[in-house]
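Note that ligands are numbered from 1 as they come in the structure, with each ligand's atoms numbered from 1 the same way.
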Amino acid sequence: MNLFLGIDFGTSGARSVVIDTLGGVHAEGVCTWKESLVTMESPKLWKNGLFELLNQIPKDLCSQIRSIAINGTSATVLLCDEMGNPVTAPLAYNHSCDQAIVERLKAIAPPDNPVLSSTSSLVKLLWWQENLTPPPPGKLYFLHQADWLGFLLHDKLGISDHHNSLKLGYDVVNLCYQSWLLEAIKWGGKFTPILPKVLTPGTCISPINRQLSDRFRLRPDCIIRAGTTDSIAAFIASGASSPGEAVTSLGSTLVLKLLSPTAINVAKYGIYSHRFGDLWLTGGASNTGGAILRHFFSDRQLESLSRQINPNTPTLLDYYPLLQPGDRFPINDPNLLPRLEPRPSNDVEFLHGLLNAIARIESQGYQLLQNLGASPLQRVYTAGGGAKNSTWTTIRHHHLRVPVLPSPHTQAAYGTACLAMRGELIKKSSC
Ligand code: ADP
């Protein structure tokens, strides 16, 4: 049998899924570590986690695994020496650098480029260039978390994919680093890092390193493929693949992703687009979502109260549920006030108002994407903690007016296993 391994790395844990050519799951693994902060120790934890996951796979399956891909947390980055050893602690996806660097970048980066954020990979790199004193000696390689973990498997230092590299400023339309970016990394002056060679996610990089194939009884011809980011891996897991298909993630926040033939980038709404095969994966994230539901109710209360709501009757409560002021998408207003009043004495009515408001914001989000040129919405898959709430699904269906379905698979590791299998979103496999 031909099997394919996907590995999903977060900051405090990693998961693996082994699938066959029909998408059937043959093995799953998990590895967590206590330290969720990213420190100098993190790469060691990630490496041990990777090997622990390979060790967990039943040996009879290992010999059938044809290819492996890894996804990492978007914009978690490392600086490494020529041997691939990190020379400083990685910077985590949510590490916010000096806003002054963003302001300087605004003078040369294209407007609406995803690098124009204090957490972008490029801003982290420029921060290192300014603040690592004395600069580490020798050649330095800039990598994302998934690139570095892939390197441990294939030994080729300095390779990335264009999902991870979007926030580094890689031009995913023309598939190159533009001159403004090369200019920007000369500013730092103290050292000039080697930027990764960027491949299409799923591209064959090389067979697995021989030592590791012996150690984990993997096939010596098991191919390591270019990876992706965690949220795109979760999108791939849904199976959505046509224009107009979307995935809403109802986790702590509300995240929308919509496939479209056109790319949309509007920084003020935090909207940017990833190349996804021949299409573009566009989307945005609102600060509303499950966190505010959890603020008022336990998961158990959410279940029992939701059962008592009639989703086919309207609610007159007009909320904008936020834990603190400010939203970016679909309304760009850093001072937007939460609207949570009047609060009825009956919790069933209150929750109905909250669920309805989040559904309305979801619908406004998809409307905004379409107004900016995305494909008309055809179908919405749902992931995250709110996906299991059938009352909410009905309310959302009233707002969205297209089929609303649970995602058949929601795990990022599953999506990355699909990437390992298809070697696609590329048209032709390069192997
Ligand atoms: P994240 O990964 O962003 O932390 P999850 O996908 O684990 O989030 O989802 C957790 C969220 O799901 C919580 O904020 C919780 O309020 C919400 N949630 C859990 N159960 C329900 C339910 N039955 N109905 C609606 N929301 C729910």
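Residue pairs meeting the side chain to side chain donor-acceptor pair (under 3.5 Å) criterion with at least one member in residues 16-31, sequence neighbours excluded, are D20-H26, E28-Q411.
Residues satisfying the salt bridge (charged side-chain N to carboxylate O under 4.0 Å, His left out) test with R343, not counting sequence neighbours, are D347. Applying the side-chain hydrogen bond (donor to acceptor under 3.5 Å, both in side chains) criterion to T391, with sequence neighbours excluded, gives no partner residue.
Judged by distance alone, the side chains of D161 and H144 never bring a donor and an acceptor atom under 3.5 Å apart.
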If you look at each N/O of ligand 1, which protein N/O atoms lie under 3.5 Å away, and at what distance?
from: ligand 1; atom 1: 3 (O); to: S252; atom 2: N; distance (Å): 2.8
from: ligand 1; atom 1: 3 (O); to: S252; atom 2: OG; distance (Å): 3.1
from: ligand 1; atom 1: 4 (O); to: S252; atom 2: OG; distance (Å): 2.9
from: ligand 1; atom 1: 6 (O); to: G385; atom 2: N; distance (Å): 2.9
from: ligand 1; atom 1: 8 (O); to: S252; atom 2: N; distance (Å): 3.4
from: ligand 1; atom 1: 9 (O); to: G385; atom 2: N; distance (Å): 3.1
from: ligand 1; atom 1: 14 (O); to: G290; atom 2: O; distance (Å): 2.8
from: ligand 1; atom 1: 14 (O); to: A291; atom 2: N; distance (Å): 3.4
from: ligand 1; atom 1: 16 (O); to: G290; atom 2: O; distance (Å): 2.9
from: ligand 1; atom 1: 20 (N); to: K388; atom 2: NZ; distance (Å): 3.4
from: ligand 1; atom 1: 24 (N); to: N389; atom 2: ND2; distance (Å): 3.0

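Under the 3.5 Å distance criterion, the side-chain polar atoms of S260 are left unmatched by any main-chain donor or acceptor of P243.
The only member of T228, I68, I7 that meets side chain to side chain contact (heavy atoms under 4.5 Å, CB included) when paired with T416 is T228.
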